[in-house]
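Just below is one structure, and these are the notes that go with it.
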Amino acid sequence: MDATTHNGPLRGVDDIDWRALAPTRGEEIPALLRDIAAGDGTTTGPGESLSTLYDIVRFPGPGYPAAPAVAGFLIDIACAPSTPSPVRWRPLSLLLELLVPAAPALVPHRIDVAQWSDEVAWAAATDLDKVREQYAAWLREAPDEQQYRRMRHRFDAISRDNGPALLQAELAVHDTVRERVEDLLGLLDGESNRRGLEAPAEWASYVLAFVPEAAEGVRTRLEKALSPLTAPSAPALPGSSPSGPGVISAELFALGMLAPADDPSVTVTLTHAMGSGHLYNAFAAAVAMATVHGEKTPGEALERIAEGGRTRMGYHGLFGDSWPHCGRIEPEVLGFLALGRGGTTTTATRLELLPDVLAHSEGDSRAVVVGAALEMAFGPRAQHAGDGEESRDESADLSEEQLRVLWAIAEIPAAAWEDSELVDTLEAWDLPSGRADFLAFAGVEDDTEEPTEGEAEEPRPSPSGPAAPSGGGLLRRLFGGDSAR
């Protein structure tokens, strides 16, 4: 690669007015991209340059309008022949964070890109106060939790000084990736791209899964790989490819996110993978079958999902192998939300998942799960709005589904009940937001033991440091945190 960027993946990087796009530290972007392209001296972690660049262009910061241009260079770096395969995952990990700043807004149902584009155009051409009022109304009137999450994400953006620019930049990042789908599909091929715990093909699959326009390319590639299926000769490691044509589990996740329900070849492909004898692929294929077919999900797929949860890896490990850890959202949280596509057909599966999902989520992620679970058991939050305390009859009969949701929420650690997001979510359904009152309402005894004097004085270690966000995807690599990979 030419160090002056006249050739190679960073050609033209110095021709962009980065300071105009990212007023804070935008002038640092070219050098950071060069460091990322050079490998930043590491293949095992993101490196300081990736961390710094993320801080500059992360959503919804003032530098996010630079994200579309950065995304283009990240794709160039990942796809360049001069980039060693072991480091290609690094630009892709940041690309995923820029493309999917609010993953819960994108599941269970796929985004309508044309409608999104029209909405952004309207927001950019309309008086800002009117736009903010409209988003506030859409937020209050959201008919379901996904729409609520989507409108909250956009309301948060439009409430900022550069709100319209943030909305435009988010769509522009999507368009940038859409235009490069063929290049990213190329990363699914080749042994070097499919080998290792941070395989480029894995990260390319995560990115492609959130671009509906990539559906045909992903489907075609996996059909070739799985028909006929060559079973692995030995148990494969998480994230690795079985011998023969095979697939990695992240590709099955992408297929589940993208494929239409009326394509029989997709069902055949997923059926092959479910019967492959590969633990991770079989689980990923079963979940993909549920996200593709929704209310018509075959019973065998639901049985395989339940069986996976009873293995030593459990839901946490299996989702962690095939689903991405976007920002602060854990893989099993996204899986729990996505299974909502099946409606009542997947309710039993989601109820079984719920305790484990809540046990591995925290903060905003936990509140997202609680909201989705309450919607599943009690109906949309909008129908409870304004009912007030009087609507809650603690003596009323509750269904088994409702009780199971309440009991799972009751297991949330005592310290988490101070979290405003959890409090607001419970109050949206007119449920007690204080832990003691909630436990009484749910009919659960408080078995929390008071710490002894010695235990109370002993500080508990923090896995991420005092100011680090809960980690996953790029965040997990920047700040630490456990991984099932």
**Study point:** Modelled atom types, side-chain donor and acceptor of Glu213 and His174, under 3.5 Å
**Key:** yes
Check your understanding: Considering all heavy atoms of both residues, which atom of Pro212 and which atom of Leu258 are nearest to each other, and what is their separation?
Key -> CA-CD2, 3.7 Å
Point to revise | Note: Asp14-Arg34 ion pair, threshold 4.0 Å (strictly below) | key: yes
Practice item. Please assess Asp127 against Val131 for the test side chain to side chain contact (heavy atoms under 4.5 Å, CB included), listing each intermediate value before the final yes or no. Key: CA-CA 6 Å; Asp127 177 77; Val131 173; over 6 Å; no
Review point. Counting N and O atoms only, with roles assigned by atom type, does the side chain of Arg366 sit under 3.5 Å from a partner on the main chain of Ser361, one being a donor and the other an acceptor?
Key: yes
Point to revise | Short side-chain to backbone donor-acceptor contact, Arg132 and Ile158, under 3.5 Å | key: yes
Check your understanding: Does the side chain of Tyr206 come within less than 4.5 Å of Phe253's, by heavy atoms?
Key -> yes
Point to revise | Glu330 side chain to His360 side chain, donor-acceptor N/O pair below 3.5 angstrom | key: no
Practice item. Report yes if some heavy atom in the side chain of His153 is under 4.5 Å from a heavy atom in the side chain of Asp156; otherwise report no. Key: no
Revision key, fill the gap. Taking every heavy atom of Asp321 against every heavy atom of Ser249, the minimum-distance pair comes out as OD2-OG, 2.6 Å
Review point. What's the shortest heavy-atom distance between Ala157 and Leu166, and which atoms?
Key: O-CD1, 3.8 Å
Check your understanding: Is there a side chain to side chain contact (heavy atoms under 4.5 Å, CB included) between Leu21 and Val57 once you walk through the steps?
Key -> CA-CA 9 Å; Leu21 295 172; Val57 298; over 6 Å; no
Check your understanding: Checking side chain to side chain contact (heavy atoms under 4.5 Å, CB included) for the pair Val369/Phe336: CA distance, chi angles, key distance, verdict?
Key -> CA-CA 8 Å; Val369 175; Phe336 178 82; 4.2 Å; yes
**Study point:** Test: Glu251 and Arg194 ion pair at under 4.0 Å
**Key:** yes
Exercise for review: Could you go through the salt bridge (Lys or Arg N to Asp or Glu O under 4.0 Å) check for Asp189 and Arg221 one step at a time?
Suggested key: CA-CA 9 Å; Asp189 296 321; Arg221 195 251 166 233; 3.5 Å; yes
Practice item. Would you check if Thr297 and Leu339 make a side-chain contact, meaning some heavy-atom pair closer than 4.5 Å? Key: no
**Study point:** 4.5 Å side-chain heavy-atom contact, Ile305 and Val287
**Key:** yes
Review point. Are Leu187 and Leu184 side-chain neighbours, meaning at least one heavy-atom pair lies under 4.5 Å?
Key: yes
Practice item. Answer yes or no: does atom CG of Asp161 have more than 12 heavy-atom neighbours from other residues, nucleotides or ligands under 6.0 Å? Key: no
Review point. What is the minimum heavy-atom distance between Val207 and Leu92, and which atoms define it?
Key: CG2-O, 4.0 Å
Point to revise | Geometric cation-pi criterion, Arg304 with Phe283: 6.0 Å, 45° | key: no
Practice item. Could you tell me whether the side chains of Trp203 and Glu198 share a donor-acceptor contact shorter than 3.5 Å? Key: yes
Check your understanding: So do Glu170 and Phe59 actually touch side chain to side chain, heavy atoms under 4.5 Å?
Key -> yes
Review point. So, the side chain of Gln146 versus the backbone of His109: is there a donor-acceptor pair under 3.5 Å, distance only?
Key: yes
Practice item. Indicate yes or no: does Arg381 engage Asp144 in a salt bridge with an N to O separation below 4.0 Å. Key: no
Check your understanding: Are the side chain of Arg19 and the backbone N or O of Gly26 linked by a donor-acceptor pair below 3.5 Å?
Key -> no
**Study point:** Any side-chain donor near an acceptor of the partner, Ser192 and Ser85, under 3.5 Å
**Key:** yes
Extract all donor-acceptor atom pairs below 3.5 Å that involve side chains of residues 114-121 and protein atoms in other chains or at least two apart in sequence.
| from | atom 1 | to | atom 2 | distance (Å) |
| --- | --- | --- | --- | --- |
| Glu119 | OE1 | Arg154 | NH1 | 2.7 |
| Glu119 | OE2 | Tyr135 | OH | 2.4 |
| Glu119 | OE2 | Arg154 | NH1 | 2.8 |

Review point. Are the side chain of Arg88 and the backbone of Thr83 linked by a donor-acceptor contact shorter than 3.5 Å?
Key: yes
Check your understanding: Any side-chain heavy atom of Phe210 within less than 4.5 Å of one from Val177?
Key -> no
Review point. Any side-chain donor-acceptor pair under 3.5 Å between His293 and Thr267?
Key: yes
**Study point:** Backbone N/O of Tyr315 and side chain of Glu332: donor-acceptor pair under 3.5 Å
**Key:** no
Review point. Within 45° of the axis and under 6.0 Å from the centre of the six-membered ring of Tyr64, does NZ or CZ of Arg58 qualify?
Key: no
Exercise for review: Apply side chain to side chain contact (heavy atoms under 4.5 Å, CB included) to the pair Leu185 and Leu208, showing each step before the final yes or no.
Suggested key: CA-CA 8 Å; Leu185 284 170; Leu208 290 166; 3.7 Å; yes
Review point. From Leu255 CG over to Leu270 CG, what is the distance, rounded to the nearest 0.5 angstrom?
Key: 5.0 Å
Check your understanding: Looking just at side-chain N and O atoms, do Asn281 and Ser276 make a donor-acceptor pair shorter than 3.5 Å?
Key -> no
Point to revise | Cationic N near anionic O, under 4.0 Å, Glu28 to Arg25 | key: yes
Point to revise | Heavy-atom side-chain contact between Arg110 and Met257 under 4.5 Å | key: no
Review point. Are Ser93 and Trp89 close enough that a side-chain donor and a side-chain acceptor fall under 3.5 Å?
Key: no
Revision key, fill the gap. The salt bridge (charged side-chain N to carboxylate O under 4.0 Å, His left out) partners of Asp17 (sequence neighbours excluded) come to none
**Study point:** Charged N-O contact under 4.0 Å between Glu421 and Arg152
**Key:** yes
Review point. Any chance the side chains of Thr220 and Glu216 put a donor and an acceptor closer than 3.5 Å?
Key: yes
Check your understanding: What is the minimum heavy-atom distance between Ser205 and Ala254, and which atoms define it?
Key -> O-CB, 3.7 Å
Exercise for review: Look at the rings of Trp18 and Phe73 and say which category their plane angle falls in: under 30° parallel, 30 to 60° tilted, over 60° perpendicular.
Suggested key: tilted
